[in-house]
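Notes follow once the structure below has been shown.
The basis for the numbers below is simple: all heavy atoms, side chains too, and nothing from hydrogens, waters or symmetry mates. Quick note: residue numbers are just sequence positions, from 1.
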Amino acid sequence: MADAVLAFSFLALVLTKAADFWTTLRYVGPEAECNPLARMLFQRFGFIGGLLVVALTWGMIVAMAYGYAWWLGGSLERWVTALTGLLIAGVQWDAARFNATGRSSCVTRKALMLYHGWRRMWRAR
């Protein structure tokens, strides 16, 4: 059972990240990106290059986490990885939906609130 949930979680994570990238490309663009790390990468490598760096970094992290859970981890590691992946997939889906529609949810409102607080903190320095 844990293997099936882990595989489903991996698929959900990949598909929702693809939706997030696609909606960022189509609706957001480099000038409206809220993620400061992504904006920095866009400035350094261009919009497409920055998205590729983000995608490769994300892919390596996911591959390491799921690879460990699948081949080296026990049942507990598989369940924790799968459930964490499903949670992240939900957030990624919500981000893609927000990118495409502009309609916020409690998740996107909380993320924007945290971002603006972080931004004020860094500007006050």
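Of all heavy-atom pairs between W70 and D3, the closest is CZ3-O, 3.5 Å. R78 approaches L6 most closely through the heavy-atom pair O-CD1, 3.7 Å. Here the closest non-hydrogen pair linking T81 and A69 is OG1-CB, 3.4 Å. Contact between G50 and F45 at its shortest, heavy atoms only, is N-CB, 3.7 Å. A pairwise comparison of heavy atoms in W93 and A19 identifies CZ3-CB, 4.1 Å as the closest pair. For R109 against S104, the heavy-atom pair with the smallest separation is NH1-OG, 3.2 Å.
Residues F98 and D20 fail the side-chain proximity criterion, which asks for heavy atoms closer than 4.5 Å. Within the 4.5 Å cutoff, the side chain of F42 has heavy atoms near those of the L51 side chain. Counting only heavy atoms from C-beta outward, the side chains of D94 and R97 approach each other to under 4.5 Å. Contact check for N99 versus W22: no side-chain heavy atoms found under the 4.5 Å cut-off. Side-chain contact check for F47 versus L25: some heavy-atom pair is nearer than 4.5 Å.
L11 and V91 end up in different hydrophobic clusters when Ile, Leu, Val, Met, Phe, Trp and Tyr side chains are linked at under 4.5 Å. Using a 4.5 Å cut-off between side-chain heavy atoms of Ile, Leu, Val, Met, Phe, Trp and Tyr, with links allowed through other members, W58 and L37 fall into different hydrophobic clusters. Under the 4.5 Å side-chain heavy-atom criterion for grouping Ile, Leu, Val, Met, Phe, Trp and Tyr, V62 is connected to W71 within one hydrophobic cluster. Residue V14 is grouped with residue I88 when hydrophobic side chains (ILVMFWY) are merged at heavy-atom distances under 4.5 angstrom, including chains of intermediate members. No single ILVMFWY cluster, assembled from side-chain heavy atoms under 4.5 Å apart, contains both L83 and L87.
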Original post:
Please walk me through it: do F8 and L86 pass side-chain contact (heavy atoms from CB on, under 4.5 Å)?
Top reply: CA-CA 9 Å; F8 176 75; L86 288 171; 3.7 Å; yes

**OP:** Determine, step by step, whether F21 and V54 satisfy the side-chain contact (heavy atoms from CB on, under 4.5 Å) criterion, reporting the C-alpha distance in whole Å, the side-chain angles of both residues, the deciding distance to 0.1 Å, and the verdict.
**Re:** CA-CA 10 Å; F21 279 134; V54 170; 3.8 Å; yes

Original post:
Going through the checks in order, is the side-chain contact (heavy atoms from CB on, under 4.5 Å) test met by T101 and Y27?
Top reply: CA-CA 9 Å; T101 66; Y27 300 106; over 6 Å; no

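Environment of CE in M113: crowded, with over 12 heavy atoms of neighbouring residues, nucleotides or ligands closer than 6.0 Å.
A side-chain donor-acceptor contact under 3.5 Å links T108 to the backbone of S105.
Applying the salt bridge (Lys or Arg N to Asp or Glu O under 4.0 Å) rule to pairs touching residues 23-40 yields nothing, sequence neighbours excluded.
For the residue pair Y66/S9, the side-chain donor-acceptor check at 3.5 Å is satisfied.
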